[in-house]
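Shown next, in structure tokens, is the structure this report addresses.
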Amino acid sequence: MGLDRQTTFEIPDNAHLPVIFGEHSRNIAHLQQSLGITIADRGNLLTLSGPEDQVRKASKILKSLWQRAEKGHDVGPADIDAALRFMHAPRHDIPMSDETTLIKTRTAYIEAIRACPMVFGLGPAGTGKTYLAVALAVSMFIEGLVERLIFCRPAVEAGERLGFLPGDMKEKVDPYLRPIYDALNDMLPWEILMKKMETGEIEIAPLAFMRGRTLSNAFVILDEAQNTTPSQMKMFLTRMGEGTRMVITGDMTQTDLPPGITSGLRDALNVLHGVDGIRFLEFTRADVVRNPLVSRIVQAYDERT
């Protein structure tokens, strides 16, 4: 554990104190219990006491909670647990869009994406498989390792059909792509995101828009891939051009395809197993980083089947 240490952490804006502390200071209590430290507060000034390495971790987590609160996000014990899991895995530093923020994660998933041109991330909702891929895509774009970022989803969800939805094409497809917008907005200021989309350096589009194209020098993510058909999946995978990296994410337990239609994701697992240059990474309910109840919900469904 190392020597005991005492340090202070100042929360710059008192307006965010209720969010960071949580109801009845539950976030602070959870952080103390998880790391075996004590935290005393005098307004927005927190005094952290305990083993040196644990105090250092607590400071980093408090900084990340502050950054989430500043962006208008809720903060809870699940966010603390997620940060601790990331700290306990093999490390890679991913630069974020603002100059002070770093995502530090050490997962086999990140290592696979860095090493392989094509990676499949499989597992239940809330494991961060899409969010982490978007973070690494933004990092590689900022570093100049890729020229474009392309994000797509099949526009098939919960039995809805685009033709019956109100509005023009953009208004029809935007709800399906909203999770990608949200992830990107966590990493890039909104005005920069809009500018890069206008220049075509960042593209967010339905899967159908990929047909007939060759995607070169790009980082391409296909999200919700369980909702593709085998022909759509083959179409997407064969868009890959020189210098391109692809990440395909999905949860095979949550397909919204009509009955009797084979999932393109399941088909790809069978067809591409053992192909050189392709990696398959599977997340489990233990990797869920949302509300802890999500992990228990996933477990209950797993046990029924």
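Below, all heavy atoms of this structure are taken into account, side chains as well, without hydrogens, waters or symmetry copies. Each residue takes its place number in the sequence, starting with 1.
By the salt bridge (Lys or Arg N to Asp or Glu O under 4.0 Å) test, Glu201 pairs with Lys196, sequence neighbours left out. Listed by chain and residue number, nothing satisfies the side-chain hydrogen bond (donor to acceptor under 3.5 Å, both in side chains) test with Gln33 (two or more places apart in sequence, or in another chain).
At least one donor-acceptor pair closer than 3.5 Å links the side chain of Gln232 to the backbone N or O of Thr229. With Lys129 contributing its side chain and Phe283 its backbone, the two residues share no donor-acceptor pair below 3.5 Å. With hydrogens and angles ignored, the 3.5 Å screen pairs a side-chain donor or acceptor of Thr244 with a backbone N or O of Leu215. Although no hydrogens or angles enter the test, the distance criterion places a donor-acceptor pair under 3.5 Å between the side chain of Gln54 and the main chain of Leu35. Counting only distance, with no hydrogens or angles, the side chain of Ser25 and the backbone of Ile28 share no donor-acceptor pair below 3.5 Å. Asp41 places no side-chain N or O within donor-acceptor distance of the main-chain N or O of Leu46, the cut-off being under 3.5 Å. In this structure, Arg245 contributes its side chain and Ile113 its backbone to a donor-acceptor pair below 3.5 Å. Distance alone, capped at 3.5 Å, places no donor-acceptor pair between the Arg266 side chain and the Thr262 backbone. Here the side chain of Thr238 pairs a donor or acceptor atom with the backbone of Lys234 at under 3.5 angstrom. Listed for the Thr228 side chain is a donor-acceptor partner under 3.5 Å among the backbone atoms of Ala225.
When all heavy atoms are compared, the tightest approach of Gly241 to Ser216 is CA-OG, 3.8 Å. Here the closest non-hydrogen pair linking Ile11 and Ile20 is CG2-CD1, 3.8 Å. Contact record, Ser49 with Val55: C-CG2, 3.8 Å, taken as the closest heavy-atom pair. Of all the heavy atoms in Leu257 and Ser263, the pair that sits closest is CD1-CA, 3.7 Å.
Using a cutoff of 4.0 Å between basic side-chain nitrogens and carboxylate oxygens, Arg279 and Glu111 are not scored as salt-bridged.
Between the NE2 atom in His16 and the CH2 atom in Trp66 there is a gap of 4.5 Å [rounded to 0.5 Å]. In this structure, Ile39 CD1 and Leu31 CG are separated by 4.0 Å, a value rounded to the nearest 0.5 Å. Atom CZ of Phe236 is separated from atom CE of Met246 by 4.0 Å, given to the nearest 0.5 angstrom.
Hydrophobic cluster membership differs between Phe21 and Leu45, with clusters built from Ile, Leu, Val, Met, Phe, Trp and Tyr side chains linked at under 4.5 angstrom.
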Evaluate side-chain contact (heavy atoms from CB on, under 4.5 Å) for Ser59 paired with Lys63, printing each intermediate quantity in order. CA-CA 6 Å; Ser59 294; Lys63 182 179 179 180; over 6 Å; no
Between Arg213 and Glu203, does a salt bridge (charged side-chain N to carboxylate O under 4.0 Å, His left out) hold up when you go through it step by step? CA-CA 13 Å; Arg213 302 173 59 182; Glu203 182 179 351; 2.8 Å; yes
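Looking only at atom types and distance, the side chain of Glu224 has a donor-acceptor partner in the side chain of Gln226 under 3.5 Å away. Side chains of Thr130 and Thr249: a donor on one and an acceptor on the other come within 3.5 Å.
Ring planes of Phe280 and Phe120: parallel class, angle under 30° (limits at 30 and 60°).
Tested against Phe151, the residues Leu222, Leu184, Asp223 include a single side chain to side chain contact (heavy atoms under 4.5 Å, CB included) partner, Leu184.
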